[in-house]
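Reviewing the structure listed below.
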Amino acid sequence: MGRRRKFWGWGYEDEDLSREEKENLAALLAGRFGGAELTVTEPPALAEVRLRAPRVQPPASLRRLFTDDAYERAGHTYGKSYRDVVRAYRRDFSPAPDWVALPGTEEDVASVLAWAGEQEAVVIPYGGGSSVVGGIEAPPGEERPVVSLDLRQLNQVLEVDRTSRAARIQGGALGPDLEAQLKPHGLTLRHFPQSFELSTLGGWIATRSGGHFATLYTHIDDFVESLRVVTPAGVVETRRLPGDGSGPRADRLFLGSEGTLGVITEAWMRLQDRPIHRANLSAEFERLEDAVAACRAISQAGLYPSNCRLLDPNEALYNGAGDGTRTLLLVAFESADHALDAWIGRAAECCRDHGGAVPQEVGTRAGAEGAREGSAGAWRNAFIRMPYYRDAIAGMGVLNETFETACTWDRFEEFNSGVSAAVHSAMDTVGAGRGWLSLRFTHVYPDGPAPYYSVTGPATRGEEIEQWQVIKEAASNAILELGGTITHHHAVGRDHAPWYRREQAPLYLDSLRAMKKTLDPAGILNPGVLFS
Ligand SMILES: Cc1cc2nc3c(=O)[nH]c(=O)nc-3n(C[C@H](O)[C@H](O)[C@H](O)COP(=O)(O)OP(=O)(O)OC[C@H]3O[C@@H](n4cnc5c(N)ncnc54)[C@H](O)[C@@H]3O)c2cc1C
C-alpha cells in the first residue's frame, strides 16, 4: 500500500513534525511573542471523528463508484486553510460529504452528475483538496446530500504532441504525476505552485492557480491550449489553437470556474523544453521602497525573470533568508536555449541603480544548483516545508493567515501602508498585537506587483476562528477599498465570495448566473462558491 495522506491537514501521515520538534517550535514562538503560553495539541485520530449516516444511497448501477469510508469522508471535508486545520484539531468534521465518488472515466463523471441531478444532491469537484478558500467544503447548513467528486483516477497524460510542444492531460493528475509522465519526452509543464505535490491540473485550471514563474507565465491560464469539461447539461470541448480572435473565448469561461460550471476532465497544455541554463542573484536593500523600485525596473525592462521575489525584512527573517534588518530581492532566470549572462547582468544593474547591494560576480550556471544556494536556497527550503509548520502551529494556539492580491505600481505605496495599518489594528483588536505581518511579492507585472501577506500572532485558545475572521475581514475590506483584488491566485471559494461579488460589476455576475443556469440547471455544482 502507498503512503497515506493525512485526513486532517497538509501532506502525508509519515511526514508530520515530531512531538519534540513541535515542543521546540512552541517554545521559540512563545519567546518571540514575548512570553505567550503555547501548548501542543495532538492531531485528531480517525476514531475521534463523528460522521452522520449518508442521507442518500447511490443506485446499484453506480455503487462501485462511491465510498462512504470514514477516512475518505473525513479527508474530503475540508481544504487546507488555517481555519480548516483549526476545525480539524477541534475534531469537528460536521460538513463531511455523504459520499465520495471516484470516477474512473469521463462517462462515470457524467453518470454521477446525472444521478445527482435527479436526486438534487450537491456535487463538489475535488482535485487535490488543497483549496485554502473553502472551495471544496459543503455550504454551511446545506440540507441536500453532498457528494465529493474526486478525480484522482483520471491522472494520465493521454497524448503528447512533440512538434507543437503540447500534451493532453487528465484533470485529476497531481503535479508530480504529470511531470513524471512528461519527463521521458524531454518536456515539462513547469507550473509549480507551492502546493504542486498535492494539487491537480483540473484544480489549477478551475482556480486559475499561480505557479513559480514570477513573470510571463504567472497563471495556469497561459499554458491552457484547450479544455474538455463535463457539465450537467453535456460536454463542452474547445479547439486546440495557439491563439485566435473568434469572439469571447470558451476556455475563459471555465478557467477559474471553481467547480461551479462543470468538471474539467482533460486539457491540452502548452509545454516547454526542460531548462539547462540558470542564473540567479540575491540583492539586499536598506529600504523597502528601493527594493520595490528595483523590482519595478526589472519587471518593466522586458527581461522576464522566472523568479523576482521581494521579501520584506520579516519575511526574510522568518524564512531563514535574512537577519530581519534588510529587504531582499531574489531574481532568477532559466532557459532551455541560451546562456543568461546578459539578463542577470542587466537585473543586477537595476538593483544597483536603486541602492541594492549585489555580489560583484553574478554569473550563470548549468543545472539547478544556482537557485538552491545562499539566501535563495534557504528561502526555497523553508517555502517547501512551510505547510507542515503551518499545520503544527495551528494546533498550538498560533493565529495564522495568508492573503494575496495585486495592484498597480502607482498605488502600491498607499496600498501597502493602508493594508498594513488595517491588519495591525485588527491584530490589536483580537489580542494578537505581539505577532507580526510580513510581505513578499510572488509575481510581478510591468504594471504592478502581486503582494502576499502573512499574519502570525498568539491566538486565544477556543477563539481562533473568530479572531481569524476579524483579521480576514479587515484585510479583505482594505484590499478592495485601496484598489486591489480579493485574490491574485488563491481563488475565491466561499471565503472570498462576499468580496468577489463586491469586486465585480453586478451585470457581469448576473450574466455568469445565466450561464450557470444553462450548464447546471438544477444548481447542483459547488453552490456558494464564486457567484452562485
Ligand atoms: C500549502 C499550500 C500552498 C499553496 N500554494 C499555492 C500557489 O503557490 N499558487 C496557487 O495558485 N495556489 C496555491 N495554493 C492553493 C491551491 O493549491 C490551489 O488553489 C490549487 O490550484 C488547487 O488545486 P487542487 O487540485 O488541490 O484543487 P481542490 O482544492 O481540490 O479544488 C479547488 C477548487 O477547484 C474545483 N475543482 C477541482 N478540480 C476540478 C476539476 N477537475 N474540474 C472542475 N473544478 C475542479 C473545486 O471544486 C474547488 O472549487 C496553495 C495551497 C496550499 C495548501
Side-chain angles (χ1 to χ4, degrees), residues 5-6 9-11 75-76 78-82 84-85 97 103 106 109 113 122-138 147-152 154-155 169-175 177-178 191-214 218-221 227-231 254-267 309 383-391 394 400 402 404 440 442-443 450 452 454 487-497 519-520 525-530 532:
R5 287 179 59 180
K6 289 180 203 153
W10 175 260
H76 287 74
Y78 296 127
K80 302 295 178 293
S81 72
Y82 170 76
D84 297 335
V85 179
E106 194 178 277
V109 172
L113 291 183
V122 163
V123 177
I124 303 180
Y126 185 102
S130 68
S131 170
V132 283
V133 292
I136 50 159
E137 178 183 335
V147 176
S148 180
L149 183 70
D150 185 327
L151 297 164
R152 67 185 181 224
L154 300 179
N155 63 359
I169 307 174
Q170 288 185 304
L174 291 167
D177 286 352
L178 67 85
H191 182 73
F192 299 124
Q194 190 186 20
S195 53
F196 169 77
E197 193 187 358
L198 293 168
S199 56
T200 61
L201 178 68
W204 299 340
I205 295 172
T207 59
R208 302 187 56 210
S209 66
H212 76 298
F213 281 114
T218 57
H219 283 89
I220 193 72
D221 312 20
L227 287 177
R228 199 171 152 86
V229 186
V230 178
T231 80
F254 296 103
L255 279 164
S257 59
E258 300 193 23
T260 59
L261 300 179
V263 181
I264 299 157
T265 51
E266 287 180 13
R309 206 171 279 265
F383 184 68
I384 291 168
R385 285 293 292 161
M386 187 285 287
Y388 292 97
Y389 283 92
R390 203 289 314 274
D391 283 5
N400 183 254
T402 55
E404 37 74 59
R440 62 180 190 254
T442 55
H443 304 84
Y452 185 113
S454 302
T487 176
H488 172 266
H489 59 268
H490 275 173
V492 174
R494 291 184 178 80
D495 295 358
H496 290 152
L519 297 170
D520 176 21
L525 280 173
N526 222 359
V529 162
L530 283 174
S532 61

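Counting starts at 1 for both ligands and their atoms, in listed order. Heavy-atom basis, side chains included; hydrogens, waters and symmetry copies ignored.
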(message) Taking ring pair (Phe, Tyr, Trp, His ring centres under 6.0 Å) as the definition, give me every residue that meets it alongside F196, ordered by chain and number, with sequence neighbours left out.
(response) F192
(message) Checking H488 now: which residues fulfil ring pair (Phe, Tyr, Trp, His ring centres under 6.0 Å) with it, not counting sequence neighbours?
(response) H219, H443, Y445
(request) Return the minimal non-hydrogen interatomic distance between L198 and L174, and the atom names on each side. (result) C-CD2, 3.7 Å
(message) Looking at R228 and E106, is any side-chain nitrogen of the basic one under 4.0 Å from a carboxylate oxygen of the acidic one?
(response) yes
(request) Go through the structure and list residues passing ring pair (Phe, Tyr, Trp, His ring centres under 6.0 Å) with F254, not counting sequence neighbours. (result) none
(request) Flag the pair H489 / S209 as yes when at least one side-chain heavy-atom distance between them is below 4.5 Å, and no otherwise. (result) no
Could you list, one pair per line, each nitrogen or oxygen of ligand 1 together with any protein nitrogen or oxygen closer than 3.5 Å, giving atom names and the distance rounded to 0.1 Å?
residue: ligand 1; atom: 8 (O); partner: Q194; partner atom: N; Å: 2.8
residue: ligand 1; atom: 9 (N); partner: G210; partner atom: O; Å: 2.9
residue: ligand 1; atom: 11 (O); partner: G210; partner atom: N; Å: 2.7
residue: ligand 1; atom: 11 (O); partner: H489; partner atom: O; Å: 3.1
residue: ligand 1; atom: 17 (O); partner: S130; partner atom: OG; Å: 2.6
residue: ligand 1; atom: 17 (O); partner: S195; partner atom: OG; Å: 2.6
residue: ligand 1; atom: 19 (O); partner: T207; partner atom: OG1; Å: 3.4
residue: ligand 1; atom: 21 (O); partner: G203; partner atom: O; Å: 3.4
residue: ligand 1; atom: 21 (O); partner: T207; partner atom: OG1; Å: 2.8
residue: ligand 1; atom: 25 (O); partner: G128; partner atom: N; Å: 2.8
residue: ligand 1; atom: 25 (O); partner: T200; partner atom: N; Å: 2.8
residue: ligand 1; atom: 25 (O); partner: T200; partner atom: OG1; Å: 2.7
residue: ligand 1; atom: 26 (O); partner: G128; partner atom: N; Å: 3.2
residue: ligand 1; atom: 26 (O); partner: G129; partner atom: N; Å: 3.2
residue: ligand 1; atom: 26 (O); partner: S130; partner atom: N; Å: 2.9
residue: ligand 1; atom: 26 (O); partner: S130; partner atom: OG; Å: 2.6
residue: ligand 1; atom: 29 (O); partner: S130; partner atom: N; Å: 3.0
residue: ligand 1; atom: 29 (O); partner: S131; partner atom: N; Å: 2.8
residue: ligand 1; atom: 30 (O); partner: G127; partner atom: N; Å: 2.7
residue: ligand 1; atom: 30 (O); partner: G128; partner atom: N; Å: 3.3
residue: ligand 1; atom: 30 (O); partner: G129; partner atom: N; Å: 2.8
residue: ligand 1; atom: 41 (N); partner: I264; partner atom: O; Å: 3.0
residue: ligand 1; atom: 42 (N); partner: I264; partner atom: N; Å: 2.8
residue: ligand 1; atom: 44 (N); partner: G259; partner atom: N; Å: 3.4
residue: ligand 1; atom: 47 (O); partner: P125; partner atom: O; Å: 2.6
residue: ligand 1; atom: 47 (O); partner: N526; partner atom: ND2; Å: 3.2
residue: ligand 1; atom: 49 (O); partner: G135; partner atom: O; Å: 3.2
residue: ligand 1; atom: 49 (O); partner: E258; partner atom: O; Å: 3.1
residue: ligand 1; atom: 49 (O); partner: N526; partner atom: ND2; Å: 3.2

